[in-house]
Amino acid sequence: MKLEEYQMLPDVFSVKEVKQLFLNAMSDFTKGTLNKREFLEIMCEITDRQGMTYQLLEEKLKKKIDLMMCNLWNIDSYDDVDDILFIVVNLGLESCFNKAKETIENPGNIPEDIYKEIQETVEEVGENILNPYASM
């Protein structure tokens, strides 16, 4: 499926249906059917729908998505950082969140706007990364 098709999906799905959406998108990306930008935008769309289930993501799937987000982490693109942080925070992806924290601990040549985005996200989330529903 393409981004436009995901955007047109209903807001509410069952946990099982959301899981399948994630698996389909990851499969399409792995096969090269989607480029990185399309994939991240699609993952944001699905993450929105996951949030509407009010349930934590299945641990096995969560770890798989976390690994993919770690592998896609790119501090040269504000859009990538913004999308990945949205996914990380809303799904409770600990490894990629820690990677983001490490980025601002050793900023090197990170662009100012990207540094601020990461810093604000880390401060906002604090120690509650494992449960995206903690503040509700």
Exercise for the section: Examine the side chains of Asn106 and Glu102 and answer whether a donor and an acceptor come within less than 3.5 Å of each other. Expected result: no

Practice task
Taking the side chain as every heavy atom from C-beta outward, state whether Leu40 and Met69 have any pair of such atoms under 4.5 Å apart.
Solution key: yes

Exercise for the section: Before giving the answer on salt bridge (Lys or Arg N to Asp or Glu O under 4.0 Å), spell out for Arg37 and Glu41 the whole-Å C-alpha distance, their side-chain angles and the decisive distance to 0.1 Å. Expected result: CA-CA 6 Å; Arg37 179 90 312 267; Glu41 290 179 21; 3.2 Å; yes

Problem - Shared hydrophobic cluster, Ile42 / Met1 (ILVMFWY, side-chain heavy atoms < 4.5 Å) - result: yes

Fill in the blank from the handout: Minimal heavy-atom distance between Phe29 and Leu34, with the atoms involved, is CD1-O, 3.4 Å

Problem - Donor-acceptor contact below 3.5 Å, side chain Gln55 vs main chain Ser14 - result: no

Practice task
Report yes if the side chains of Thr53 and Val12 come closer than 4.5 Å at any heavy-atom pair, otherwise no.
Solution key: no

Problem - Minimal non-hydrogen separation, Ala25 against Ile46, with atom names - result: CB-CD1, 3.9 Å

Problem - Backbone of Leu23 reached by a side-chain donor or acceptor of Ser27 within 3.5 Å - result: no

Exercise for the section: Determine whether more than 12 heavy atoms belonging to other residues, nucleotides or ligands lie under 6.0 Å from atom NZ of Lys36. Expected result: yes

Problem - salt bridge (Lys or Arg N to Asp or Glu O under 4.0 Å) between Lys116 and Glu112, intermediate numbers included - result: CA-CA 6 Å; Lys116 284 182 180 178; Glu112 179 84 16; 3.7 Å; yes

Problem - Note, Thr103 side chain near Ile110 side chain (heavy atom, < 4.5 Å) - result: yes

Exercise for the section: Using atom types as modelled and distance alone, determine if a side-chain donor or acceptor of Asp82 lies under 3.5 Å from a backbone N or O of Tyr78. Expected result: no

Completion exercise
One should read off an interatomic distance between Phe22 CZ and Ile87 CD1, to the nearest 0.5 angstrom, of 7.5 Å

Exercise for the section: Rounded to the nearest 0.5 Å, what's the gap from CG on Leu9 to CG on Leu21? Could you check? Expected result: 6.0 Å

Problem - N/O donor-acceptor pair under 3.5 Å between Lys62 side chain and Leu93 backbone - result: no

Completion exercise
Rounded to the nearest 0.5 Å, the CE atom of Met43 sits from the CD1 atom of Ile65 at a distance of 4.0 Å

Exercise for the section: To the nearest 0.5 angstrom, please state how far the CD1 atom of Ile114 sits from the CG atom of Asp79. Expected result: 9.0 Å

Practice task
Evaluate the side-chain proximity of Val89 to Thr121: yes if any heavy-atom separation is below 4.5 Å, no if none is.
Solution key: yes

Problem - Leu56 to Gln50 - nearest heavy-atom pair and separation - result: C-NE2, 3.9 Å

Practice task
Check whether any side-chain N or O of Ser77 sits under 3.5 Å from a backbone N or O of Asn74 as a donor-acceptor pair, and report yes or no.
Solution key: no

Handout entry: side chain to side chain contact (heavy atoms under 4.5 Å, CB included) evaluation trace for Met52 with Val18
Key = CA-CA 10 Å; Met52 297 299 286; Val18 171; over 6 Å; no

Problem - More than 12 heavy atoms of other groups within 6.0 Å of Gln7 CD - result: yes

Practice task
To the nearest 0.5 angstrom, please state how far the CE atom of Met8 sits from the CD atom of Glu45.
Solution key: 11.5 Å

Practice task
Measure the shortest side-chain to side-chain distance between Ile75 and Tyr115 over non-hydrogen atoms and say whether it is less than 4.5 angstrom.
Solution key: no

Problem - Closest approach of Ile84 to Cys96 (non-hydrogen atoms, all atoms of both residues) - result: CG2-SG, 3.8 Å

Practice task
To the nearest 0.5 Å, tell me how far Leu67 CG sits from Lys63 NZ.
Solution key: 11.5 Å

Problem - Heavy-atom side-chain proximity of Phe39 to Met68 below 4.5 angstrom - result: yes

Handout entry: Residue pair Leu85 / Glu117, side-chain heavy-atom distance below 4.5 Å
Key = yes

Handout entry: Any donor-acceptor pair under 3.5 Å from Lys99 side chain to Cys70 backbone
Key = yes

Problem - Donor-acceptor under 3.5 Å (Asp66 side chain, Ser95 main chain) - result: yes

Handout entry: Side chain proximity check, Asp80 to Trp73, heavy atoms < 4.5 angstrom
Key = no

Practice task
Say whether, by atom type as modelled, one donor and one acceptor occur between the side chain of Arg49 and the main chain of Phe13 under 3.5 angstrom.
Solution key: no

Practice task
Could you tell me whether a side-chain N or O of Glu5 sits under 3.5 Å from a main-chain N or O of Lys2, the two making a donor and an acceptor?
Solution key: yes

